[in-house]
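Everything on this sheet refers to the single structure shown next.
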Amino acid sequence: MTMLQALRGTTDLLPEEVARWSAVEHAARRLARIYGYREVRTPVIEEAALFLRSVGETTDIVQKEMFRFTDRGEHEIVLRPEGTAAVVRAYLERNLHKTEGFAKLFYLGPMFRAERPQAGRFRQFHQYGVEAIGSTSPWVDVEAIALCVHILRECGVGDATVWLASMGCRKDQARSAEELRKRLEPHKSKLCKECQARLQKNVFRVLDCKNPDCHAIAWDMKAFFLCNDCTAHFQEVRRGLKETGIAFDDTKYFARGLDYYTRTVFEVRVKGLGAQDAVAAGGRYDQLVEELGGPPMGAFGFAAGIERVLMAAGTGATSAEPPARAGVYLAVAQPPLIGEAFRLVQRLRECGVPALMDYDGKSLKAQFREADKALARLVAVLGETELAQGSITVKDLGAGSQRTVPLDSFIEEISREEQGRCH
Ligand code: ATP
Ligand code: MG
């Protein structure tokens, strides 16, 4: 029979890999809490309309990358391609704009995009991110960027650069779009079919075109205007970052490929990651809450791709120290004692002691091998002689020592020893 495989662009994580992932997830959760962001969880499926309205109908994400299906012929459903829109929907649906006003939220979970799988680009990938909803203060931008950089540093990502820009308010964007359209119009015939249509519908999307010609022409002709308010806001963000000691480069970056962004946008890029060098990205979206049916409210957010964070961290930094030996392997000398042994193992586990045993009648030698492989600290050997004498032999695999412990006090003695060793 042919073996089934995981879908292209999806991956299984085996225990060693999960350990590296957990280290990143733990760092992100811990630091988010330190910065005052509280975790929320939203569903993996959402109504398609949510992303059409927020990310934008003409973006690549909506046009080409969403996994979309009709649910029993009723609803247009998508597997969420990103987190911001869903968090804002939840914020409004659950009335946080009325009960909390300003809210700082953290999320972590799988996202789905029907992209061509390649290094650092998957169809199911994972993001952690934050959304600070209900403030236009430039300090919110500074804080979120600081958090983003802090988490990456904690995960061992070196050589990261923050690319920073301001996309201005909607009025600035309309003005810039008008100008870009005017500049591109004479070159229309050199653009691809898709970009010719983009010229009218959403000219900024020409900047995202994968066709190198369109890309080059558009980037040569890009125009960006910032009104006085947006200039001042951007100035404050840059000043805040400088004073906080967060390095950035505001000479390269320009626009993000999602429609909801306004004002500050940023991306963190890491050297040596090849084409997929962006590990995290985000920015301000001062119109989105209103566009999704809420009151006018400023907001800022970012998302980092866990797969790329791990690639950028390499093997060193996020792999925690080799785990210390812990717990007990209860070796059974004769198979009829399995029941007796299981009861002891169960009591150890209830006391919080990691405990293992064999159920298949393996030889004592094989059981010792398993104990060693499982990094057990102790092997307790239960045999008929021991049982008759009311005692059990305990070997310390780390120290190489051996002792005899009365069965009556075995559980208590071992749990006392193991306390503080395992969490
Ligand atoms: P890219 O330019 O690489 O396509 P993007 O602008 O589409 O990225 P965002 O929507 O801003 O990405 O998502 C934020 C982060 O999520 C990215 O910086 C990246 O780390 C990660 N990410 C996005 N798409 C994928 C994917 N298909 N596979 C793995 N990680 C991804
Ligand atoms: Mg993309």
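Counting starts at 1 for both ligands and their atoms, in listed order. Computed from a predicted structure; not experimentally measured.
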(request) Describe, in one word, how the ring planes of Tyr260 and Tyr285 are oriented to each other, choosing from parallel (under 30°), tilted (30 to 60°) and perpendicular (over 60°). (result) perpendicular
(message) Under a 4.0 angstrom heavy-atom cut-off, which atoms of ligand 1 come close to Ala303?
(response) 14 (C), 15 (C)
(message) Below a 4.0 angstrom heavy-atom separation, can you tell me which part of Arg256, side chain or backbone, both or neither, approaches ligand 1?
(response) side chain
(request) Considering heavy atoms of the protein only, find what lies nearest to atom 4 (O) of ligand 1 and give residue, atom and distance to 0.1 Å. (result) Arg121 NH1, 2.9 Å
(message) Please list, in number order, the atoms of ligand 1 under 4.0 Å from a heavy atom of Gly120.
(response) 28 (N), 29 (C), 30 (N)
(request) Please write down residue, atom name and distance for the protein heavy atom closest to atom 27 (N) of ligand 1. (result) Glu115 OE2, 2.6 Å
(request) Indicate the ring-plane relationship of Phe342 and Tyr359, choosing parallel, tilted or perpendicular according to the 30° and 60° boundaries. (result) tilted
(message) Please determine whether side chain to side chain contact (heavy atoms under 4.5 Å, CB included) holds for the pair Asp277 and Lys271, giving the CA-CA distance in whole Å, both sets of side-chain angles, and the decisive distance to 0.1 Å.
(response) CA-CA 7 Å; Asp277 63 347; Lys271 283 210 187 75; over 6 Å; no
(message) So for Arg113, does at least one of its heavy atoms come nearer than 4.0 angstrom to any atom of ligand 1?
(response) yes
(message) Please determine whether the number of non-hydrogen atoms from other residues, nucleotides or ligands lying under 6.0 Å from atom CG of Leu356 exceeds 12.
(response) yes
(request) Please work out which of the three classes, parallel, tilted or perpendicular, describes the rings of His97 and Tyr91, given edges at 30° and 60°. (result) tilted
(message) With respect to Phe125, determine whether any N or O atom, backbone or side chain, lies less than 3.5 Å from an N or O atom of ligand 1.
(response) no
(request) May I ask you to identify the nearest protein heavy atom to atom 16 (O) of ligand 1, giving residue, atom name and distance to one decimal place in Å? (result) Gln127 NE2, 2.9 Å
(request) Give the atoms of ligand 1, by number and element, whose distance to some non-hydrogen atom of Ala280 is under 4.0 Å. (result) 18 (O)
(request) List the closest protein heavy-atom neighbour of atom 21 (C) of ligand 1: residue, atom name, distance to the nearest 0.1 Å. (result) Gly305 CA, 3.7 Å
(message) Within the structure, is a non-hydrogen atom of Arg308 found at a distance of less than 4.0 Å from ligand 1?
(response) yes
(message) Can you confirm whether more than 12 heavy atoms, excluding those of Arg38, are under 6.0 Å from its CZ atom?
(response) no
(request) Considering only NZ, NE, NH1 and NH2 on the basic side and carboxylate oxygens on the acidic side, decide whether Asp259 and Arg205 come within less than 4.0 Å. (result) yes
(request) Considering heavy atoms of the protein only, find what lies nearest to atom 18 (O) of ligand 1 and give residue, atom and distance to 0.1 Å. (result) Ala278 O, 3.2 Å
(request) Report, in ascending order of atom number, the atoms of ligand 1 lying under 4.0 Å from any heavy atom of Ala281. (result) 11 (O)
(request) Identify the residue among Glu131, Glu39, Glu143 that makes a salt bridge (charged side-chain N to carboxylate O under 4.0 Å, His left out) with Lys104. (result) Glu143
(message) Check this for me - ligand 1, Val279, N or O atoms closer than 3.5 angstrom, yes or no?
(response) yes
(request) Considering only non-hydrogen protein atoms, determine which one is nearest to atom 28 (N) of ligand 1 and report residue, atom name and distance to 0.1 Å. (result) Phe122 N, 2.9 Å
(message) Regarding Lys362 and Glu370, does a basic nitrogen lie under 4.0 Å from an acidic carboxylate oxygen?
(response) yes
(request) Say whether Thr70 and Glu76, considering side chains only, have a donor N or O and an acceptor N or O under 3.5 Å apart. (result) yes
